[in-house]
S.K.: 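My questions all concern the structure below.
Worth knowing before you read on, the calculation uses all heavy atoms, side chains too, and leaves out hydrogens, waters and symmetry mates. Within every chain, numbering begins at 1; the chains are lettered A, B, ... in the order of the sequence lines, protein sequences first and strands thereafter.
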Number of protein chains: 2
Amino acid sequence: MDELFSSALNQSVQRAVSLLKAFDTDASELGVSELARTVGLPKSTVARLLATLEHEGLVERVPHADKYRLGFLLVRLAGRVSHFGDVRAVARPVLARLSEQSQESVHLGVLDGAEVVNVDQIAGPHLIRETNWLGRRTPLHCAANGKAILAFQPEAVIARVLAAPLARVTPLTMTDPRLVRGELAEVRERGYAWTLGEVEEGLNGVAAAIRNGAGEVFAAVSVSGPAYRVPPARIPSLGELVVAAAAEISRRLGSRV
Amino acid sequence: MDELFSSALNQSVQRAVSLLKAFDTDASELGVSELARTVGLPKSTVARLLATLEHEGLVERVPHADKYRLGFLLVRLAGRVSHFGDVRAVARPVLARLSEQSQESVHLGVLDGAEVVNVDQIAGPHLIRETNWLGRRTPLHCAANGKAILAFQPEAVIARVLAAPLARVTPLTMTDPRLVRGELAEVRERGYAWTLGEVEEGLNGVAAAIRNGAGEVFAAVSVSGPAYRVPPARIPSLGELVVAAAAEISRRLGSRV
DNA sequence: GAACGCGTTCCATAGAGCGGAACATCAGCC
DNA sequence: GGCTGATGTTCCGCTCTATGGAACGCGTTC
C-alpha cells in the first residue's frame with residue numbers, strides 16, 4: 001500500500017472514492033450490483049458506502065430507478081477548485097466563442113510539471129458523445145496543448161522533458177526526441193501545434209499557447225475532433241482560430257507579447 | 001442519525017466528506033490544524049484522512065506550503081454529473097455571451113421539486129469574489145430564477161408551492177402568497193423575473209424562463225450583481241438581455257414557442 | 001532562549017466496518 | 001402460472017481498521 005505516513009491510508013475512504021471514480025464512464029447511472037462488480041467489493045459493503053455518499057450529497061438516487069448517479073455536491077466543490085481558477089474564468093467566454101466558430105470541442109490546458117492538465121472543456125455541438133478530458137493529464141510531447149506549451153518553454157525545460165522516455169500513447173505517437181524537437185521548431189514557426197491521432201486514435205487537434213502577465217507560456221487553448229471532421233487540410237484554418245483565441249486570453253491576462 | 005439501512009452510515013467516509021465540505025469557503029487553502037478545528041476532529045485523524053483524499057485526488061497539497069486545497073478529481077467527476085448535463089452544454093455559450101453583454105455574473109437554474117438548482121455559473125468580470133451558487137438550491141418564491149420558472153408552471157404546481165409556508169430568507173423576502181401571486185402575474189406580463197435582496201441582502205437579479213422541446217418551462221437563466229451595480233433602474237435592460245438569452249437556449253433545445 | 005502553534009509520527013485499544021447469508025421483489029422465459 | 005436468475009436490502013458475529021492522545025521536530029514570534 002502506498003503509505004504517506006507510517007499509518008496506512010484509510011481503506012473505507014479509498015473504497016468510497018473508488019465508487020465515485022466508477023461513475024467516470026459514459027454510463028453515468030449504475031446499480032449496486034454493477035458497482036460491486038466494478039470495484040470488487042461485496043454488495044452489502046457497496047450499499048452501505050453508497051448510502052453514506054448519498055447522505056453527504058456526493059451521489060444521488062436516480063428517481064424511479066434502482067440506480068445511482070454522481071451528486072451535485074461535486075459540482076459545488078468543483079467550483080471551489082481554485083487552482084487555475086482565474087485563467088478558467090478569464091478564458092471561458094473566449095472558449096465559448098471558439099466552440100461556436102469551429103463547431104468542435106474546445107479545451108483549456110495548463111502546464112503542470114511535465115504534463116498538461118485539462119482544466120476546462122466546452123463540448124462541440126455534435127451529438128456524438130465525446131471523451132471527458134476534464135481533470136485528465138496528458139503528456140506534453142503528443143497532445144496539441146502540450147506541444148503548444150512545450151515549444152515556448154526555456155531550453156532547459158524542453159531538454160528535461162525530451163530526456164525522459166517518451167510514452168507511446170497510440171501507434172502514431174512520436175517517441176523519438178529528435179522528431180519531437182523538429183516539430184516544436186515548426187510549432188514556433190507556425191504559431192500553433194497540432195496532433196494527428198497521437199493522444200487518441202482517430203482524434204485530431206490544434207492548439208495555441210497562452211501567455212501570462214509576465215509573457216511566459218503556461219497554458220494553451222485547443223480545438224479537437226474526430227479525424228473525419230478535423231482532417232489535416234483543416235488544420236491551418238483552425239490554427240488561425242486558436243491563435244486568435246489564445247492571443248485574446250493572453251491579452252486579458254495582461255500579456256503584452 | 002439518518003439511517004437508510006439498519007446498519008449505520010460510514011463514519012470514516014462522513015468525516016472525509018466533511019473535510020471536503022470545509023473547503024467550500026472563500027479561503028480555499030487550509031492547513032491540518034485549521035481543518036481539525038473546523039470539523040472538530042483530532043489533528044492525527046484529519047492528517048490521515050487528508051492523506052487518503054490526496055492519494056485519491058480529491059485534495060492536493062499546495063506547493064511550498066503546509067496547506068491543502070481541493071483536487072482536480074472533483075472537476076473531472078463534476079463533468080460527469082449528468083443530471084441537467086445536456087442543458088448545461090447547450091446553454092454554456094449563451095451564458096458566456098450574456099456575461100460579456102451584462103458584465104455581471106450569470107447563472108443557469110433548473111427546476112428540481114420545489115426548488116431551483118444552480119447548475120452552471122459564469123462569474124462576472126469584477127474582482128470582488130462572488131458567492132458560489134453552483135449546486136446550491138434556492139426556493140422558488142424569492143430567487144429570480146425561481147420566480148421565472150414558477151410563473152410558467154401549471155396552476156396546480158403554483159398552488160402547491162404557495163400553499164407551503166414560504167421561507168423568509170432575508171428581511172426583504174416576500175412570504176405572503178398573495179403578493180407572490182401578484183408578482184408572478186407581472187413576471188408573465190413582462191417576460192422576466194427579478195429579485196431585490198430577497199435571496200441575499202444587497203444582491204439583485206433578473207431571470208427569464210427556458211423551455212424544453214415540448215415547450216414546457218423547466219429552467220431559467222439569470223444575471224445578478226450587487227445592488228450598487230444592478231439597481232432597480234437597470235432591471236428592464238437586463239430583462240431584455242436575459243429574455244433573448246433564454247429564447248436562444250430554448251430554441252437550441254427544440255422549443256417552438 | 002522561551003513560548004507557541006504548526007504538521008508529523010507512533011501505538012495500544014475499542015468498536016466501526018466488514019461480508020456472508022438470507023430474504024423479498026421483479027423481469028424474462030417457457 | 002411456475003421457474004429461474006438477478007436485483008437491492010437487511011442482519012449480525014467477528015476482526016482488524018480506524019482512532020486519538022502523546023510526543024516530537026520545526027519555524028516563528030517576542
S.K.: Which pair of heavy atoms, one from A:A209 and one from A:A148, lies closest together, and at what distance?
M.R.: CB-O, 3.5 Å

S.K.: If I take atom CD in residue B:E34 and atom C1' in nucleotide C:dC4, what distance separates them, rounded to the nearest angstrom?
M.R.: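 Result: 17 Å.
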
S.K.: Using every non-hydrogen atom in the two residues, find where A:K43 and A:S33 come nearest and quote the distance to one decimal.
M.R.: CD-OG, 3.4 Å

S.K.: Nearest-Å distance, CG (B:L19) to P (D:dA18)?
M.R.: 15 Å

S.K.: Choosing from C:dT8, D:dT9, C:dC6, which nucleotide comes nearest the side chain of B:S33?
M.R.: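 For the B:S33 side chain, the nearest candidate turns out to be C:dC6.
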
S.K.: Who passes side-chain contact (heavy atoms from CB on, under 4.5 Å) against A:A214, sequence neighbours left out?
M.R.: A:N212, A:E216

S.K.: Taking only residues two or more places apart in sequence, or in another chain, which ones meet A:R168 in a side-chain contact (heavy atoms from CB on, under 4.5 Å)?
M.R.: A:T173, A:T175

S.K.: Measuring from the side chain of A:L41 (C-beta onward, heavy atoms only), which nucleotide among D:dT7, C:dG19, C:dG7 has the closest atom?
M.R.: C:dG19

S.K.: Using the side chain to side chain donor-acceptor pair (under 3.5 Å) criterion, which residues pair with B:R37? Sequence neighbours excluded.
M.R.: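 B:R37 satisfies side chain to side chain donor-acceptor pair (under 3.5 Å) with no other residue.
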
S.K.: Can you tell me how far P of D:dT7 sits from CD of A:E29, to the nearest Å?
M.R.: 16 Å

S.K.: Considering only nitrogen or oxygen atoms on both sides, find all protein atoms under 3.5 Å from nucleotides 20-28 of chain C and state each distance.
M.R.:
| residue | atom | partner | partner atom | Å |
| --- | --- | --- | --- | --- |
| C:dG20 | O6 | A:S44 | OG | 3.0 |

S.K.: What is the distance, rounded to the nearest whole Å, between atom CG of B:L53 and atom P of D:dA18?
M.R.: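 My rounded result for the distance is 13 Å.
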
S.K.: Does A:R61 make a side-chain N or O approach to OP1 or OP2 of D:dG8 shorter than 4.0 Å?
M.R.: no

S.K.: Would you tabulate the pairs of protein nitrogen or oxygen atoms and nucleotide nitrogen or oxygen atoms of nucleotides 12-17 of chain C closer than 3.5 angstrom?
M.R.:
| residue | atom | partner | partner atom | Å |
| --- | --- | --- | --- | --- |
| C:dG17 | OP1 | B:N10 | OD1 | 3.1 |
| C:dG17 | OP1 | B:Q11 | N | 3.0 |
| C:dG17 | OP1 | B:S12 | N | 2.7 |
| C:dG17 | OP1 | B:S12 | OG | 2.8 |
| C:dG17 | OP2 | B:Q11 | N | 3.0 |
| C:dG17 | O3' | A:S12 | OG | 3.3 |

S.K.: Where the side chain of A:L49 is concerned, which of D:dT9, C:dC18, C:dC6 is the nearest nucleotide?
M.R.: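 Per side-chain heavy atoms of A:L49, the pick is C:dC18.
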
S.K.: side-chain contact (heavy atoms from CB on, under 4.5 Å) with A:A159: which residues, sequence neighbours excluded?
M.R.: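 Counting only residues at least two positions away or on another chain, A:A159 forms a side-chain contact (heavy atoms from CB on, under 4.5 Å) with A:E155, A:R181.
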
